[in-house]
Amino acid sequence: MEHTDSTQTQAAAPVLEVNNLVKHFPVTSNFLGRIVGQVRAVEDVSFTIGKGQTLGLVGESGSGKSTVGKVVLRLLDATEGQVKLHGQDITHVSGQELRNTRRKMQMVFQDPYASLNPRLSAGETIMEPLENYENFSKAQRLERAGELLERVGLRQDALKRYPHEFSGGQRQRLGVARALALNPSLIVADEPVSALDVSVQAQVLNLLIRLQKELDLTYLFVSHDLAVVEHISHRVAVMYLGHIVELADKDSLFSAPSHPYTEALLSAVPVPDPESENKKKRVILSGDIPSPINPPSGCCFHTRCPLAEERCRREVPLLKPVSPSHQVACHLRG
């Protein structure tokens, strides 16, 4: 199930541009409501995604990857930094301008049951955004809903069925159909297959790849699963404790990872061939992920890194190129 990497350059203006994004959540005391600290969920994150491309955002739970997706969609406000959609700064837009922006970007959620209203039929679920944004007649909305169901591999007679009548994979297809209703250019997919059986995951991923080719969609694909990210992404950004520690095209990252954290993540991915699996060198990280309320000084990874030196404890490494399409934030690499 190999997804051929695109050779398309990003010379044209990117669909999504994120510059020096920071998101902190205040921590308040129980009694007085005073702010006593900050959860530093996202720290100085920057990337771009070109038209028809997929950036996989990967990392362990608590790395900040889902928070990045929510800030991009303006479900959360950025603490600092900038988000641009088609060259327009949307970081602080509000009111009607935000409403107009929202139709250009949609989300596919992790849990295909919790993200669907159990009281709405499949047809009503897809028609809801059309009622909010388009001046369509009911017949036009029904026709559009039927077309979208077929596009995601469901039959039109499913229009009157309710979420509990669908399997998990079918519910996720319904969620994808709803996301497509307003013809968005950007879709943020937050762990869209992690709640599905492995046998169904590939079907949904292949559906997303096909839709991307047919509709020239741009994806920000958030996942903790490297095998899934390898299947669907053109480029991959690896996050740790709110920072992007490595950013590269897919082939480069999986064949020659540069950051010690990326190496550890890849070493934990099982290989189908038992002989290769036995020969593979495992990188075992010591300790736990530090708290984002009190992150370590210097390199965010130095407390668990087997290569850490004194400089790593003092200085924050910047993303720097190791090749034209590969960047790493490490004092000892690149």
Among residues at least two apart in sequence or on other chains, which ones pass side-chain hydrogen bond (donor to acceptor under 3.5 Å, both in side chains) with Q140? S137
Does T54 offer a backbone N or O that forms a donor-acceptor pair with the side chain of S233 under 3.5 Å? no
Exam field: side chain E17 to backbone G87, donor-acceptor pair closer than 3.5 Å: no
Going by the salt bridge (charged side-chain N to carboxylate O under 4.0 Å, His left out) test, which pairs reach into residues 54-70, not counting sequence neighbours? E60-R304
Show which side-chain atoms of residues 36-44 pair as donor or acceptor with protein atoms under 3.5 Å away, not counting sequence neighbours.
from: E43; atom 1: OE2; to: H24; atom 2: NE2; distance (Å): 3.0
from: D44; atom 1: OD1; to: N20; atom 2: ND2; distance (Å): 2.8

So do V15 and I49 actually touch side chain to side chain, heavy atoms under 4.5 Å? no
Check side chain to side chain contact (heavy atoms under 4.5 Å, CB included) between E80 and all other residues, then give those that pass, not counting sequence neighbours. V22
The complete set of side-chain hydrogen bond (donor to acceptor under 3.5 Å, both in side chains) pairs with one or both residues in residues 293-302, sequence neighbours excluded, reads none
Can you check whether V229 reaches D225 side chain to side chain, under 4.5 Å on heavy atoms? no
Q201 to V228 - nearest heavy-atom pair and separation: OE1-CG2, 3.9 Å
Can you tell if the side chain of L207 reaches within under 4.5 Å of the side chain of R173, non-hydrogen atoms only? yes
Look up atom OG in S63 and atom NE2 in H243, then write down how far apart they are to the nearest 0.5 Å. 11.5 Å
Give me the atom names and distance for the closest heavy-atom approach of A158 to A122. O-CB, 3.3 Å
Donor-acceptor check, side chain of R235 to backbone of Q53, threshold 3.5 angstrom: yes or no? no
P192 side chain reached by Q172 side chain, heavy atoms, under 4.5 Å: yes
Closest non-hydrogen atom pair between A181 and L148, with its separation: CA-CD1, 3.6 Å
side-chain hydrogen bond (donor to acceptor under 3.5 Å, both in side chains) against R102, all qualifying residues, sequence neighbours excluded: none
What closest approach, in Å, do L241 and P296 show between heavy atoms, and which atom pair accounts for it? CD2-CD, 3.6 Å
Scanning both residues in full, the closest heavy-atom pair of Y240 with C300 reads CE2-O, 3.3 Å
Mind checking what makes side-chain hydrogen bond (donor to acceptor under 3.5 Å, both in side chains) contact with E309, not counting sequence neighbours? none
Looking at residues at least two apart in the chain, or sitting in another chain, which of them share a side chain to side chain contact (heavy atoms under 4.5 Å, CB included) with S66? D190, V222
K23 versus T79, closest heavy-atom pair with distance: CA-OG1, 3.4 Å
By side-chain hydrogen bond (donor to acceptor under 3.5 Å, both in side chains) - contacts of N135 (at least two apart): none
With sequence neighbours excluded, residues passing side chain to side chain contact (heavy atoms under 4.5 Å, CB included) with L120: N117, E124, T125, E128
Between OG1 of T218 and NZ of K104, what distance do you get to the nearest 0.5 Å? 13.5 Å
By the ring-ring contact (aromatic ring centres under 6.0 Å, His included) test, which pairs, at least two apart or in different chains, include something from residues 180-203? none
Could you label the plane-to-plane angle of the Y162 and H164 rings as parallel, tilted or perpendicular, counting under 30° as parallel and over 60° as perpendicular? parallel
Among residues at least two apart in sequence or on other chains, which ones pass side chain to side chain contact (heavy atoms under 4.5 Å, CB included) with S167? Q170
Taking it one step at a time, do E134 and R144 satisfy salt bridge (charged side-chain N to carboxylate O under 4.0 Å, His left out)? CA-CA 11 Å; E134 300 285 5; R144 173 74 173 150; over 6 Å; no
